[in-house]
Amino acid sequence: MSISNSGLKVLVIDDSNTIRRSAEIFLKQGGHEVLLAEDGFDALSKVNDYHPDLIFCDILMPRLDGYQTCAIIKRNTRFSEVPIVMLSSKDGVFDKARGRMVGSQDYLTKPFTKDQLLKTVQALGSTQQREI
């Protein structure tokens, strides 16, 4: 990881405790600050309170799914520039296209590796840092 990407504030939204904890461990090992949310409603309050630099968002969640969560975040002008990466166990073209339609920048298939997660953060986080 490059030093310029250290200290990004990353929000991980997933209803699976295992995925949230895995992502938290990998991201902290990469030198990032990690926020966790277990569903879309929890995520919306954390986005508002903590202003993350990057968001990983599961697609299939109860109450408010990842597509709805992403669309709500992107509609808010304060957060519309925050990169969102959709997380899903599905790897279909339709799922990726639908993610792009609601404003996500990338798509990561679960289960992901530490390397995949940190490379995604590095790619999207460097864009965020240039804009700050």
Side-chain angles (χ1 to χ4, degrees):
M1 290 300 306
S2 71
I3 293 170
S4 65
N5 286 338
S6 65
L8 287 179
K9 198 181 304 179
V10 182
L11 174 61
V12 179
I13 311 163
D14 201 299
D15 58 330
S16 164
N17 187 50
T18 304
I19 295 294
R20 284 195 313 273
R21 295 300 170 205
S22 296
E24 179 181 33
I25 290 165
F26 295 159
L27 290 165
K28 283 186 174 180
Q29 287 173 349
H32 304 288
E33 182 181 344
V34 183
L35 304 163
L36 301 174
E38 59 188 45
D39 64 35
F41 287 112
D42 185 23
L44 295 176
S45 66
K46 289 186 175 165
V47 167
N48 191 52
D49 293 345
Y50 299 105
H51 307 273
D53 300 308
L54 177 64
I55 299 169
F56 286 95
C57 184
D58 183 25
I59 292 175
L60 297 174
M61 296 184 291
R63 303 194 310 158
L64 194 63
D65 72 24
Y67 298 124
Q68 294 165 318
T69 303
C70 181
I72 291 168
I73 293 168
K74 289 296 184 175
R75 271 189 243 133
N76 185 322
T77 55
R78 290 172 56 207
F79 308 112
S80 62
E81 297 302 314
V82 176
I84 299 178
V85 178
M86 303 307 283
L87 297 174
S88 180
S89 52
K90 297 180 185 178
D91 193 17
V93 173
F94 174 77
D95 298 302
K96 291 178 181 181
R98 188 167 175 205
R100 293 262 188 217
M101 286 171 48
V102 295
S104 72
Q105 277 68 32
D106 207 349
Y107 190 99
L108 199 57
T109 305
K110 298 188 287 188
F112 47 79
T113 65
K114 176 182 174 181
D115 191 46
Q116 289 171 318
L117 191 68
L118 293 179
K119 279 184 178 176
T120 302
V121 171
Q122 184 175 23
L124 294 173
S126 61
T127 305
Q128 262 311 87
Q129 291 222 326
R130 281 194 298 270
E131 293 173 359
I132 294 173

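Since the structure is predicted, the reported quantities are computational estimates derived from the model, not experimental observations.
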- I55 vs I73 side-chain heavy atoms within contact, under 4.5 Å: yes
- Query: Hey, are the side chains of L124 and T120 touching, using non-hydrogen atoms and a 4.5 Å cut-off?
  - Reply: yes
- side-chain contact (heavy atoms from CB on, under 4.5 Å) filter on I25, not counting sequence neighbours, yields Q29
- Message: Could you measure the distance from the CG atom of D42 to the CZ atom of R63? Nearest 0.5 Å is fine.
- Response: 8.0 Å
- Query: Between atom OH of Y107 and atom CG of D95, what is the distance when rounded to the nearest 0.5 Å?
  - Reply: 4.0 Å
- Message: Students often mix this up, so state it plainly: with edges at 30° and 60°, are the rings of F79 and H51 parallel, tilted or perpendicular?
- Response: tilted
- Item | Pair D58 + K110: basic N to acidic O under 4.0 Å | yes
- Set of residues satisfying salt bridge (charged side-chain N to carboxylate O under 4.0 Å, His left out) with respect to E24, sequence neighbours excluded: R21, K28
- Query: If every non-hydrogen atom of S88 is compared with every non-hydrogen atom of I59, which pair is closest and at what distance?
  - Reply: CB-CD1, 3.6 Å
- Item | Residue pair C70 / G103: nearest heavy atoms and the distance that separates them | SG-C, 3.9 Å
- May I ask whether M101 and L60 are part of the same hydrophobic cluster, defined by side-chain heavy atoms of I, L, V, M, F, W, Y residues being less than 4.5 angstrom apart, directly or through others? no
- Does the side chain of F41 come within less than 4.5 Å of M61's, by heavy atoms? no
- Task: Take K9 and D53 through the test salt bridge (charged side-chain N to carboxylate O under 4.0 Å, His left out) and record every step on the way to the result.
- Result: CA-CA 5 Å; K9 198 181 304 179; D53 300 308; over 6 Å; no
- Query: Is a side-chain donor or acceptor of K74 paired with a backbone partner of S80 at a separation under 3.5 angstrom?
  - Reply: yes
- Message: How close do T109 and S89 get, counting heavy atoms only, and between which atoms?
- Response: CG2-O, 4.0 Å
- Message: Within the 4.5 Å heavy-atom criterion, are V85 and L108 side-chain neighbours or not?
- Response: yes
- Query: Got a second to check how far L27's CG is from L118's CG, nearest 0.5 Å?
  - Reply: 6.0 Å
- How close do K46 and L36 get, heavy atom to heavy atom, and via which atoms? NZ-O, 2.5 Å
- Message: Among residues at least two apart in sequence or on other chains, which ones pass salt bridge (charged side-chain N to carboxylate O under 4.0 Å, His left out) with D115?
- Response: K119
- Query: How about F56 and D14: do any of their side-chain heavy atoms sit closer than 4.5 Å?
  - Reply: no
- Under 4.5 Å between any side-chain heavy atoms of L8 and V121, yes or no? yes
- Message: Are the side chains of D91 and K96 in contact, using a 4.5 Å heavy-atom criterion?
- Response: yes
- Item | Rounded distance [0.5 Å steps], SG in C57 versus CD1 in I13 | 4.0 Å
- Query: Are any of the side-chain heavy atoms of V47 and I72 separated by less than 4.5 Å?
  - Reply: no
- Task: Look at the side chain of R100 and the backbone N and O of Q105, then say whether any donor-acceptor pair between them is shorter than 3.5 Å.
- Result: yes
- Task: List the atom of Y67, the atom of G99, and the distance in Å for their closest heavy-atom pair.
- Result: CE2-N, 3.6 Å
- Query: What closest approach, in Å, do A43 and L11 show between heavy atoms, and which atom pair accounts for it?
  - Reply: O-CD2, 4.1 Å
